[in-house]
Engineer: 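Starting off with a structure, shown below.
Heavy atoms only: backbone and side chains are in, while hydrogens, waters and symmetry mates are out.
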Amino acid sequence: MCKSSGFTTPQGRHLFYTVPVPQDEHLCLALLVPDTCTIWSELGDRLMPAFNTPSKIPYSDVNIGLGTAHPPRWTSDSTVAEVTSIQLEFRELSRLTKNDKYQEAVDDVMKHIHGLGGKKDGLVPMFINTNSGQFSHLGVYTLGARADSYYEYLLKQWIQGGRKEADLLEDYLQAVEGVTNNLIRKSEPNKLTFVGELSHNQFSPKMDHLVCFLPGTLALGVHHGLSANHMKLAKQLIETCYQMYAQIETGLSPEIVYFNLNPHNANDVEVKPADRHNLLRPETVESLFYMYRFTKDKKYQEWGWKIFQSFNKYTRVDTGGYTSINNVQSSENPEPR
C-alpha cells in the first residue's frame with residue numbers, strides 16, 4: 001500500500017522552488033516503477049493549478065494541499081524567470097510518467113513568450129502579467145534577478161529535447177546577440193568584460209552575481225555545437241566572475257557589484273553597503289565546473305578551490321552546514337546570519 005505523501009495538509013508553496021522531479025533521475029525512476037508510489041506525479045498534479053490563468057502563464061504561488069493557486073497579494077504579475085524555469089522538470093516528468101500534460105503546460109508558456117512583443121534584440125522584460133499574458137514594466141532588461149534563468153533554460157531545453165526545437169535555439173541565439181550588442185562593456189582600468197543592465201535605453205554598470213550563470217551556459221552551448229565565439233565571451237566573463245570574489249576581502253562575492261567605467265578611477269569593482277551580502281549562490285562555481293570540464297584548463301579548478309576555501313572559512317557553522325553572511329568586505333566580522 002502506498003503511504004500518504006502528506007500533500008493534503010494546506011501548504012503554500014512557490015511554484016519556482018517546488019519542482020516535481022528530483023535531480024537524480026535514477027531516484028525518480030525508482031519512485032515511478034510499477035507498484036510504488038508516484039509521489040512526483042502527485043506533486044506535479046498539485047502544482048498544475050498554477051497554470052489555470054486567463055493567459056496560461058502560471059501564477060507564482062500554489063497551495064499544494066488545497067489545490068489552489070494565486071498571484072502575490074500585491075500584483076497580478078509573475079516574473080519571467082519564475083514562469084520559464086520550471087520547464088526542464090515538467091518536461092522530464094512527462095517523459096517518466098508517459099503523461100504529456102505536464103510538458104504541454106510548460107511548452108505552451110515558452111511558445112507564448114516566443115511570440116510576444118516587447119523584447120529588445122532577444123532580451124526580455126522582467127515581468128509578465130498572468131491575466132493578459134503580456135510583458136509588463138517594459139524597457140528594462142537584465143540578466144540578473146527576475147530574468148536570469150529564462151536565458152539559461154532556453155539552451156537547456158533545446159539540449160533536453162534532442163536539439164530539435166528550433167524556436168528555443170532561435171530565442172537563445174538572439175538573446176546572446178542581444179547581450180553582446182546591448183549589455184556588454186569593459187571596466188576600467190583592467191578591462192574586465194561584464195554584463196550590465198538597460199533601463200529605458202540608459203545603461204547601468206550593475207551586475208548581479210546571478211549573471212555568472214552565463215559563462216557556463218555559453219560554454220555548454222559551444223559543447224553542443226554552437227559558435228566558438230561564445231566560448232571567447234565565456235572565458236572573458238568567467239574571469240570577471242572570479243574577480244568578483246578575488247578582489248573582495250573575504251574572497252567571497254557580494255550579491256551585486258557596480259563596474260567602474262571611469263579610466264581615472266583605480267578600482268574596477270564598487271560594492272554598495274546594501275549589496276555586500278553573500279547568499280551562498282552557486283552560479284560562479286557552476287560556471288567554473290563547466291569551463292574546467294570543457295577546456296581542461298586547471299586554472300578554473302584552482303579558482304573553484306579558492307572560492308570553496310573562502311566559503312569554508314567565512315560561512316561554515318560549527319554545528320554543520322553553511323550560512324549566508326551580511327558583509328563580504330569584512331574578514332574580521334562578516335556578520336553571519
Engineer: Testing the 3.5 Å rule here: is there a donor-acceptor pair between the side chains of S41 and Y102?
Structural biologist: yes
Engineer: Test: disulfide (SG to SG under 2.5 Å). Region: residues 237-288. Which pairs qualify, not counting sequence neighbours?
Structural biologist: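 Every disulfide (SG to SG under 2.5 Å) pair that includes a residue of residues 237-288, provided the two are not neighbours, is C212-C241.
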Engineer: May I have all residue pairs that pass salt bridge (Lys or Arg N to Asp or Glu O under 4.0 Å) and include part of residues 200-212, sequence neighbours excluded?
Structural biologist: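 Sorted result for residues 200-212: E197-K206, K206-D208.
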Engineer: Scan residues 230-256 for pairs that pass salt bridge (Lys or Arg N to Asp or Glu O under 4.0 Å), counting only residues two or more places apart or in two chains.
Structural biologist: E255-R281
Engineer: Keeping the roles fixed (side chain from D268, backbone from N190), state whether a donor-acceptor pair exists under 3.5 Å.
Structural biologist: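 Yes, D268 side chain to N190 backbone: donor-acceptor pair under 3.5 Å.
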Engineer: Which pairs, with at least one residue in residues 143-158 and sequence neighbours excluded, count as a salt bridge (Lys or Arg N to Asp or Glu O under 4.0 Å)?
Structural biologist: E152-K156, K156-E286
Engineer: Kindly state whether the ring of H200 and the ring of Y141 have centres lying under 6.0 angstrom apart.
Structural biologist: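 No, too far apart.
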Engineer: Would you tell me whether N260 and N267 have side-chain atoms, one donor and one acceptor, within less than 3.5 Å of each other?
Structural biologist: no
Engineer: Shortest non-hydrogen contact from I86 to Y153?
Structural biologist: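 Heavy-atom minimum between the residues: N-CE2, 4.0 Å.
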Engineer: For H70, enumerate each residue passing the ring-ring contact (aromatic ring centres under 6.0 Å, His included) test, keeping only those at least two apart in sequence or located in another chain.
Structural biologist: none
Engineer: Can you sort out the partners of K119 under side chain to side chain donor-acceptor pair (under 3.5 Å), two or more places apart, ordered by chain and number?
Structural biologist: none
Engineer: If we check side-chain contact (heavy atoms from CB on, under 4.5 Å) with Y150, which of these qualifies: D171, L123, T79?
Structural biologist: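 Per the side-chain contact (heavy atoms from CB on, under 4.5 Å) rule, the option paired with Y150 is D171, out of D171, L123, T79.
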Engineer: Cut-off 3.5 Å, side chains only: do S55 and H112 have a donor facing an acceptor?
Structural biologist: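 No, no side-chain donor-acceptor contact under 3.5 Å.
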